[in-house]
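From a predicted model like this one, the values you see are computed outputs, not experimental measurements. Each chain gets a letter, A, B and so on, in the order its sequence line appears, and its residues count up from 1.
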There are 2 protein chains.
Amino acid sequence: MPHTLDKIDTQLLTILQKNSNRTTKSIAKELGMTTSPIFERIKKLEKEGYIEKYVAILNNKKIGLKLTVFIGITLQGHTRSYLEKFVKEINNFPEVIECHRVSGNFDYLLKLVVEDIEAYETFIISKLTLLPYLGNVQSLIALSTSKETNEIDLSRVL
Amino acid sequence: MPHTLDKIDTQLLTILQKNSNRTTKSIAKELGMTTSPIFERIKKLEKEGYIEKYVAILNNKKIGLKLTVFIGITLQGHTRSYLEKFVKEINNFPEVIECHRVSGNFDYLLKLVVEDIEAYETFIISKLTLLPYLGNVQSLIALSTSKETNEIDLSRVL
DNA sequence: TTTATAAAAAGAATATTATTCTTTTTAATA
DNA sequence: TATTAAAAAGAATAATATTCTTTTTATAAA
């Protein structure tokens with residue numbers, strides 16, 4: 001089943017990615033339509049799975065989580081059963097918001113959000129390095145972030 | 001101004017991070033309260049900036065973007081003015097959803113979402129490597145992703 | 001302790017919006 | 001051109017957000 005998204009659908013997805021709290025009325029007005037087709041289209045996009053969920057994005061810094069860190073990890077003797085255990089442990093750490101198995105110079109790439117350097121170090125020492133079979137660990141600490149979004153530019157995929 | 005978030009506030013943030021389309025009534029019921037204090041608290045969290053925005057999260061695969069790639073970049077002769085130009089260019093690429101200046105073995109770390117390997121290669125060849133002063137470029141291609149979220153576990157920060 | 005005060009919650013009323021249903025229009029096809 | 005199905009519009013209803021007033025709870029001063 002290939003895409004069956006027309007221009008209005010992609011406009012809706014673009015709008016809702018920016019602000020999912022817009023009223024159907026306001027969206028309808030922007031697109032020069034009435035509320036009912038807008039409403040029905042959005043419901044269809046939800047039902048068909050184009051829209052996964054609606055979430056609130058928090059201001060991490062305001063909450064006290066000021067540091068983003070990426071960690072590249074290689075494992076030493078990785079049996080399949082150990083990999084699964086490793087991933088499960090990693091995913092359970094609240095500091096870890098992303099965990100990707102990757103090809104390239106690492107086996108895994110993690111993204112973490114933590115309070116500060118101290119919290120980062122605590123994570124490394126008292127959580128990460130306690131995991132067995134850990135090989136190389138390389139950290140990239142975000143000094144600044146110029147772009148960080150979930151918004152997908154749909155102009156290229158339409 | 002340190003946090004002045006009580007238990008109810010953090011519960012609200014936790015709930016809205018998972019699903020921002022919940023009605024105040026349903027949330028109020030879950031927390032054993034009535035709608036008006038819930039409503040007012042949420043508005044306060046918005047106004048004070050704890051909640052940055054509400055967005056729809058799309059299913060990238062469904063839209064045809066099946067590949068996530070991280071790219072570590074070093075620059076060669078980086079004057080300040082060039083860095084700014086470089087970042088601006090990078091941020092304008094629709095494939096790039098994150099761009100971090102990092103300390104460690106790279107100067108920048110990018111996160112990309114693209115259609116497939118071919119689109120990735122096209123990006124490298126016809127966009128990235130056209131930028132001047134590019135030093136080392138190292139790609140980490142996500143083979144699988146076991147965790148990828150914006151949801152912040154507030155139990156540790158409260 | 002009591003009493004005064006402010007903040008939070010509850011309750012009630014209203015305004016908006018979401019949602020459903022019916023009718024009309026548009027577009028596609030025979 | 002006529003026929004049919006899909007999309008949009010319009011109208012009506014149900015649900016929710018939002019506002020306002022009253023009550024309760026917590027806090028601190030007497």
For residues 130-141 of chain A, run the donor-acceptor check on the side chains, cut-off 3.5 Å, and write out each pair with its distance to 0.1 Å, sequence neighbours left out.
residue, atom, partner, partner atom, Å
A:Q138, OE1, B:N105, ND2, 2.8
A:S139, OG, A:Y120, OH, 2.4

Would you indicate whether the side-chain heavy atoms of A:N150 and B:V55 approach each other to under 4.5 Å?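 A side-chain contact is absent here, since even the closest heavy-atom pair is not under 4.5 Å.
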Can you find a pair of side-chain heavy atoms, one from A:V102 and one from B:V69, that are under 4.5 Å apart?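 Not in contact.
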Working note: B:V114 + B:L65, criterion side-chain contact (heavy atoms from CB on, under 4.5 Å); need CA distance, chi angles, decisive distance, verdict. CA-CA 5 Å; B:V114 293; B:L65 302 172; 5.5 Å; no
B:K66, NZ: over 12 other non-hydrogen atoms inside 6.0 angstrom: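 Yes, the 6.0 Å shell around NZ holds more than 12 heavy atoms from other groups.
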A:F39: ring pair (Phe, Tyr, Trp, His ring centres under 6.0 Å) partners, not counting sequence neighbours: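 For A:F39, no residue satisfies ring pair (Phe, Tyr, Trp, His ring centres under 6.0 Å) once neighbours in sequence are set aside.
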Between A:E46 and A:K43, is there a salt bridge with N-O shorter than 4.0 Å? yes
Side-chain donor/acceptor of A:T129 to backbone N/O of A:I124, under 3.5 Å: yes
Close N/O contacts between protein and nucleotides 22-28 of chain D (under 3.5 Å):
none

Can you check nucleotides 7-9 of chain D for protein contacts, nitrogen or oxygen pairs under 3.5 Å, and list what you find?
residue, atom, partner, partner atom, Å
D:dA8, OP1, A:R41, NH2, 3.0
D:dA8, OP2, A:R41, NE, 3.1
D:dA8, OP2, A:R41, NH2, 3.3
D:dA9, OP2, A:T34, N, 2.9
D:dA9, OP2, A:T34, OG1, 3.0
D:dA9, N7, A:S36, OG, 3.1

Among residues 13-28 of chain B, which residues get a heavy atom nearer than 4.0 Å to DNA chain D? B:T23, B:T24, B:K25
In terms of relative ring orientation, are B:F86 and B:Y108 parallel, tilted or perpendicular, with 30° and 60° separating the classes? tilted
Rounded to whole Å, the CD-C1' distance (B:E46 to D:dA17) equals 12 Å
Rounding to an integer number of Å, can you tell me how far A:F39 CZ sits from D:dA15 C1'?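 Rounded to the whole Å, the gap is 11 Å.
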Kindly state each residue pair satisfying salt bridge (Lys or Arg N to Asp or Glu O under 4.0 Å) with at least one member in residues 118-145 of chain A, sequence neighbours excluded. A:E95-A:K127
